[in-house]
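One-based numbering along the sequence shown.
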Amino acid sequence: MGILDSIILTVYTLAMMVLSLLMVLGAILPQWIQPALWLTNVMATPRGTVTVGLVGFLFFASSVRLITLAFRRQGGGQPVVHETSMGEVRISLEAVENLVRKVARSTKGVREVKASVRHGKDDLSVSLRCTVSPEVSIPEVSEEIQNSVRQYVKRVVGVELAEVQLEVENIANESRRSRLD
């Protein structure tokens, strides 16, 4: 969910909360608040009619947006298709991301890995964000991760990676040995 969708959801939820509170107050204290009478008075003026129409349209549009967001397929994009003699094999990008994460994490000195796989026209690209141990050489570990990810994806998925981008996001505060002691 993007930032715009989060804002829409927050505003929509707050508006529904206020509206439901007014409905409850109208049911409990009918002499204190009369929403139907208030709405009738607002709708009596041309400006009020336009305002109510715009608010109604915004709520309708927000409802449609949130419903489509809720039911949108979370499949992770276009799958990787590998042709075999028996037919085609479809591999989701999420499955490839999990493979990439597994391989990168198995590299000595790597603590945490976040992976993202993008499907181009004819190729795959991988972005990795890692946290490494302070005792490793970052250039050596980076090259090892890139090579092992490239080879593993080629062997397991059957697709050559166009690029493997790596960002060392952080250096871990302590080594694994000192944490285990």
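- In this structure, Leu166 and Cys130 approach most closely via the heavy-atom pair CD1-SG, 3.4 Å.
- Considering all non-hydrogen atoms of both residues, Ile145 and Ser148 come closest at O-OG, 3.1 Å.
- Grouping the Ile, Leu, Val, Met, Phe, Trp and Tyr side chains by contacts below 4.5 angstrom, directly or via other members, places Val156 with Val159.
- Linking Ile, Leu, Val, Met, Phe, Trp and Tyr whenever their side-chain heavy atoms come within less than 4.5 Å puts Val149 and Ile138 in one cluster.
- Between Glu112 and Arg105, every side-chain heavy-atom pair lies at or beyond the 4.5 Å cut-off.
- For the pair Leu93/Leu124, a side-chain contact is recorded, criterion being any heavy-atom separation below 4.5 Å from C-beta on.
- Of all the heavy atoms in Ser116 and Glu97, the pair that sits closest is CA-OE2, 3.6 Å.
- Looking only at distances, no side-chain donor or acceptor of Thr107 sits under 3.5 Å from a matching main-chain atom of Val110.
- Side-chain atoms of Thr49 come within 3.5 Å of backbone N or O of Met43 as a donor-acceptor pair.
- Between Ile171 and Ser133, the shortest heavy-atom contact is CG2-C, 4.2 Å.
- Considering only heavy atoms from C-beta on, Ser125 stays 4.5 Å or farther from Val117 through its side chain.
- Remark: the Asn98 side chain and the Arg101 side chain contain an N/O donor-acceptor pair separated by less than 3.5 Å.
- Note: Ser62 OG to Ile7 CD1 = 12.0 Å, rounded to the nearest 0.5 Å.
- Considering only residues two or more places apart in sequence or on other chains, Gln165 meets the side chain to side chain contact (heavy atoms under 4.5 Å, CB included) condition with Arg118, Ser127, Glu163.
- With sequence neighbours left out, the side chain to side chain donor-acceptor pair (under 3.5 Å) criterion links Asn170 to no other residue.
- For the ring pair (Phe, Tyr, Trp, His ring centres under 6.0 Å) condition, the pairs that include at least one residue of residues 4-25, sequence neighbours left out, are Tyr12-Phe59.
- Note that CZ of Arg129 is 4.0 Å distant from CD of Glu169, once rounded to the nearest 0.5 Å.
- If you chain together hydrophobic residues whose side chains sit under 4.5 Å apart, Leu58 and Leu9 never meet in one group.
- The side-chain heavy atoms of Val50 and Leu54, taken from C-beta on, include a pair separated by under 4.5 Å.
- Using modelled atom types, one side-chain atom of Gln146 and one backbone atom of Val164 make a donor-acceptor pair closer than 3.5 Å.
- Atoms CG and CD, from Leu128 and Glu167 in turn, are 10.5 Å apart once rounded to the nearest 0.5 Å.
- Hydrophobic clustering places Ile3 together with Val11 (ILVMFWY residues linked when any side-chain heavy atoms are closer than 4.5 Å, directly or through intermediates).
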